Number of protein chains: 2
Amino acid sequence: MNPAALEAAMPLDPDRAAREARKMQRSRQLLDAAARVMEREGSHAVSMQAVADEADVSVGLIYRYFGGKDELLLAVILNVLEDFASTVPAAVEAAGDDPVERLAAAFGAYCRVIERHRHATVLTYRESKSLDEAGRRRIKEYEVETTQPLVGVLRDGIDAGAFRPVEPEMVAYNLLLVAHAWALKHWYFERTLSFEDCVRNQLSLALHGLIEPRQRRRYTRFLEASERRSRPSTVAPGS
Amino acid sequence: MNPAALEAAMPLDPDRAAREARKMQRSRQLLDAAARVMEREGSHAVSMQAVADEADVSVGLIYRYFGGKDELLLAVILNVLEDFASTVPAAVEAAGDDPVERLAAAFGAYCRVIERHRHATVLTYRESKSLDEAGRRRIKEYEVETTQPLVGVLRDGIDAGAFRPVEPEMVAYNLLLVAHAWALKHWYFERTLSFEDCVRNQLSLALHGLIEPRQRRRYTRFLEASERRSRPSTVAPGS
DNA sequence: ACGACAAGTAAACGTAGGTTCATTCCCCTG
DNA sequence: CAGGGGAATGAACCTACGTTTACTTGTCGT
């Protein structure tokens, strides 16, 4: 019997419950501190001391809540993935039945999670090396899982004739990558685009490659965003 | 007067030249060893000892050729970028005048460089933190520079009326990202795709979003690759 | 008020790994 | 053969950091 099962067996103890709650709160605090510290000094690797300082606690305390640095790191990363898992499907459901609307909602939600956890996202790429094989597997599997809403939306859209018959898994992962790009290449994109503009442009670009040509006219509002504002000069287009 | 200038002033000294050549050779050897060692034990951070062992030299020797670990890392990364800078423009030139052909050549060349240096590429994401600000800036600027061929091809294609009027910088960077994805998410893509198939699919997908609708019919050979082989089952497409 | 137990602290420890340096090796010239 | 100088070695050094642990503080029931 694991602790969780035991707790479920006796849900009445208020003392136990209160302590659990405070423990959760502390965990969150530490997690947030860890996320924040890598936001500030993005260049150095994250040291336990730095996390402790950020959270205004002592180093030793972290070890009461997390088994070690690996576990803390893993927790930060999983925290992001949980945000995907709870946010994206909800956004899709709220978007109605139209496949394009649903895809737009899913992608938008995905991007917004990234924006919320921008630095934790790059952490996934930077520090996943220091995790053991089990941790890495867990992250990979969870990441694949978070793309399932996108895959579903794409598949439905294809079956409904709104999208071209592409490989949904591949396209979904491409969308994931483009979303990650906002975190990974932030120094590049922020030079010319705001977050919202970036999302709109990327979505428009993707939809141009996805939507079945005959359906185009119904979705012009999604498709216009990525066009350049200035016309391409006076050169005659007929080559 | 720096050493290079001095050497240029007396190009006749064969002794000096021979030494320079041997020095270069050793540098390459160490660089290759560094690249290889992170290929083998991809998970751990790369230790100087490991690099030394791989190159069959002593640790101390590395410091005769590189100022320290940072410099070695930077050299490995710049080495990849140099490959882009020398390979991609050549491929574009060899591709003729057609904008789509040129883009396909540029993207293909880009991807092939990534494949050649797959592990060094993920290194760029993983370890760039341990570089100083100057090193990181250098990498960023060089990276932007390597996308210029793509930007040029896109811009020309737009002016020629072959591509839709998109933002060339953004699309170019998306292509770069999709190419990097082969290295970053190799564990995912390799499950279902060979390298060549992946490149073809990605290119096809991108072109579907790029090519001016009226020009489509001329480029069907590029556009078919990303279609699913099996028809989407017997579900009636009319929703 | 007083033990008892959880919550929290900070100094000490251990070690991995980057860097240095005294020494040895090797080749070339006189 | 001698000796000089660059190439190469690897053991010793040093620092940073993850982890442990002996200790202090706070809280609660009786």
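Hydrogens, waters and symmetry mates are skipped; everything else that's a heavy atom, side chains included, is used. As the structure is a prediction and not an experimental result, all values here were calculated from the model. Order of the sequence lines fixes the chain letters, A, B, ..., with proteins taken first and strands second; residue numbering starts at 1 for each chain.
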Can you work out whether K23(B) or G60(B) has the more 5'-proximal nearest nucleotide on DNA chain D?
K23(B)
dA8(D) OP1/OP2 closer than 4.0 Å to side-chain N/O of Y65(B)
yes
In whole angstrom, give the distance that lies between atom CG of L61(A) and atom P of dT21(D).
17 Å
Nearest whole Å is fine: how far is dT19(D) C1' from F66(A) CZ?
16 Å
Charged N to carboxylate O under 4.0 angstrom, R126(A) versus E127(B)?
no
Once you apply a heavy-atom cut-off of 4.0 Å, does R26(A) come out as touching a base, just sugar-phosphate, or nothing?
sugar-phosphate
Spacing between Y63(A) atom OH and dG18(D) atom P, to the nearest angstrom:
6 Å
Any pair counted as side chain to side chain donor-acceptor pair (under 3.5 Å), so long as it reaches residues 56-72 of chain B, sequence neighbours left out
none
As a test of reading the structure: which of dT19(D), dT9(C), dG18(C) is closest to the side chain of V59(A), going by heavy atoms?
dT19(D)
With a cut-off of 6.0 Å (strictly less than), are more than 12 heavy atoms of other residues, nucleotides or ligands near CZ of R137(B)?
no
Between the side chains of R112(B) and E115(B), is the shortest nitrogen-to-carboxylate-oxygen separation below 4.0 Å, so that they form an ion pair?
no
Tell me whether T147(A) contacts the main-chain N or O of L150(A) through its side chain, where contact means a donor paired with an acceptor under 3.5 Å.
no
What is the distance from CZ of R22(B) to P of dA7(D), rounded to the nearest Å?
7 Å
Strictly below 4.0 Å, heavy-atom distances to any atom of DNA chain D: list the hits from residues 47-58 of chain B, or just say none.
V57(B), S58(B)
Can you name the residues that form a salt bridge (charged side-chain N to carboxylate O under 4.0 Å, His left out) with E143(A), not counting sequence neighbours?
K185(B)
Take atom CG of L73(A) and atom P of dC17(D), then tell me their distance rounded to the nearest Å.
15 Å
Do the rings of Y173(A) and Y188(B) sit parallel, tilted or perpendicular, given the 30° and 60° boundaries?
parallel
Nucleotide dT9(C), atom P - distance to CD1 of I62(A) in whole Å:
10 Å
Nearest-Å distance, NZ (K69(A)) to C1' (dA16(C))?
13 Å
In whole Å, what is the span from the CZ atom of R64(A) to the P atom of dC23(D)?
15 Å
